[in-house]
Amino acid sequence: MDTHLLRTFVAVLDHRSFSGAAKALGYTQSAVSQHVAALEADLGARLVERRPVAPTPAGTRLLEHAPALLLRLDAARADVARLRHAQPTRLTLACSAAALTSTIARALAQLRAATPLLDLEVRVLAREVVIEEVLTARADLGLVDGVAAPSDPLPLPDLGPTTTLAAAEQPLAVLFPTDHPLARRRSVRLTDLTQAQWIDAPDTAVPLDRLRAVCRTEGFRPRVRHRGTDLYGLAALAAAGLGLAALPLPLAATLPGVTAVPADEPRLVHRTELVHTAHPTEPARQLVDLIAGRTATAR
């Protein structure tokens, strides 16, 4: 399968337009049409409906595989390029909004103090983007968070030749407006909140589809959608009564206008994991060692 054709196919469906894909890729519209037609001939199936532009059943199936295939190819290219362009005095850390804990911040401060010439950059991004940044060498290390059973790893996609490290495990909490009747509880059961109104905030809070999976329910339906990595904006929505959200307890307890109530049943923890390539740079390796040491001490 020609990867250039596959990229064009994904772009057409991302933009829902042949002309939009052509503009994004720098091709002519005719070239984009030829690429899609060539991919359809290769696979022996019609992949894209032309008017309106939409995936056929075969196209939908291919679209389930395409992003992961293209990401692995980009990761392989980046891994080879990393050997030629290593920057021993620079460290770029990509992290999801709830993953940048005080433990991580102290480890960064310790590394920065020990390496005065270090060029340190921290990027707060959506969880999926964090992984892409690491695999494509735009970041040296990544921190992603999520919920899991105690001591279980996060359900991450196939990351190829990478290493993951448990960086933190914290209790999970639900955000309530301060005047909510359940805000006075010592704890709440997630299984009792499946029919409550929630905020769908996959870039900051625990994604609702993950709550549905761990609680084995069709509940946790959103009343409002929040996009981006602004935790204070999420707290403002929760404080106004627009819905509930699940976050790590230490972080949730610091947000204004809301009360963080520990969640139980099912028994879950908020887990943060560090992701890096098989051959990290020296500053990245030093930070991994610092985080590992602090995690072991915390236990």
Side-chain angles (χ1 to χ4, degrees), residues 78-79 82 85-148 150-156 159-173 203-206 229-232 234 247-255 260 268-299:
D79 210 21
R82 194 181 283 115
H85 304 297
Q87 296 178 297
T89 60
R90 180 170 182 173
L91 176 65
T92 300
L93 172 66
C95 58
S96 50
L100 188 55
T101 64
S102 58
T103 298
I104 302 301
R106 287 192 292 270
L108 286 169
Q110 187 176 348
L111 176 64
R112 188 65 181 79
T115 316
L117 297 180
L118 180 65
D119 180 3
L120 176 62
E121 181 178 356
V122 178
R123 302 175 185 167
V124 181
L125 306 163
R127 293 179 180 90
E128 294 80 5
V129 179
V130 169
I131 292 173
E132 291 180 11
E133 292 282 295
V134 175
L135 293 181
T136 56
R138 292 189 293 267
D140 302 296
L141 294 168
L143 281 165
V144 291
D145 70 290
V147 294
S151 300
D152 279 359
L154 293 180
L156 299 177
L159 304 180
T162 57
T163 299
T164 59
L165 169 72
E169 276 194 7
Q170 299 172 316
L172 187 66
D203 298 333
T204 48
V206 177
T229 57
D230 179 10
L231 286 164
Y232 286 95
L234 172 63
L247 286 168
L249 178 59
L251 172 61
T254 68
L255 296 173
L268 299 169
V269 295
H270 182 272
R271 184 177 173 89
T272 300
E273 291 188 359
L274 184 116
V275 181
H276 63 84
T277 62
H279 305 286
T281 63
E282 181 59 22
R285 186 193 62 76
Q286 291 173 355
L287 182 59
V288 170
D289 291 344
L290 287 171
I291 293 174
R294 287 182 174 275
T295 302
T297 301
R299 291 175 180 170

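This chain uses plain numbering: 1 for the first residue, then up along the sequence.
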Atom pair CG (L251) and CG (L100), whose distance is rounded to the nearest 0.5 Å: 10.0 Å

Contacts of E121 that satisfy side-chain hydrogen bond (donor to acceptor under 3.5 Å, both in side chains) - sequence neighbours left out: R90, R123

Spatial distance of atom CG (L93) from atom CD (E133) [nearest 0.5 Å]: 11.0 Å

Any residue meeting side-chain hydrogen bond (donor to acceptor under 3.5 Å, both in side chains) with T204, in chain and number order, not counting sequence neighbours: none

Criterion side-chain contact (heavy atoms from CB on, under 4.5 Å) on L118 and L91, from CA distance to verdict: CA-CA 7 Å; L118 180 65; L91 176 65; 4.1 Å; yes

For A173, all residues meeting side-chain contact (heavy atoms from CB on, under 4.5 Å), sequence neighbours excluded: L249, A252, A260

Euclidean distance, T163 OG1 relative to L274 CG, rounded to 0.5 Å: 9.5 Å

Straight-line distance of L287 CG to Q110 CD, nearest 0.5 Å: 9.5 Å

Closest non-hydrogen atom pair between V134 and T277, with its separation: O-CG2, 4.1 Å

Intermediate values then yes/no, side-chain contact (heavy atoms from CB on, under 4.5 Å), T272 and V144: CA-CA 6 Å; T272 300; V144 291; over 6 Å; no

side-chain contact (heavy atoms from CB on, under 4.5 Å) evaluation trace for V206 with L172: CA-CA 9 Å; V206 177; L172 187 66; 3.9 Å; yes

Straight-line distance of I291 CD1 to Q286 CD, nearest 0.5 Å: 12.0 Å

Residue pair D145, S96: steps toward the side-chain hydrogen bond (donor to acceptor under 3.5 Å, both in side chains) verdict: CA-CA 7 Å; D145 70 290; S96 50; 2.5 Å; yes

E132: salt bridge (Lys or Arg N to Asp or Glu O under 4.0 Å) partners, not counting sequence neighbours: none

Exercise: identify the closest heavy-atom pair between P153 and A148: O-CB, 3.9 Å

For R112, salt bridge (Lys or Arg N to Asp or Glu O under 4.0 Å) partners two or more places apart: none

Gap between atom CZ of R106 and atom CG of L290 - 0.5 Å precision: 12.5 Å

Closest non-hydrogen atom pair between T164 and L156, with its separation: CG2-CD1, 4.1 Å

Smallest separation among heavy atoms of L247 and A205, with atom names: CD2-CA, 3.6 Å

Taking every non-hydrogen atom, the tightest pair across P283 and L111: O-CD2, 3.8 Å

Nearest heavy-atom neighbours spanning H276 and L141: CB-CD2, 3.2 Å

Reference residue C95; test side-chain contact (heavy atoms from CB on, under 4.5 Å); the match among V124, I104, T101, T229: V124

Set of side-chain hydrogen bond (donor to acceptor under 3.5 Å, both in side chains) partners for E273, sequence neighbours left out: R271

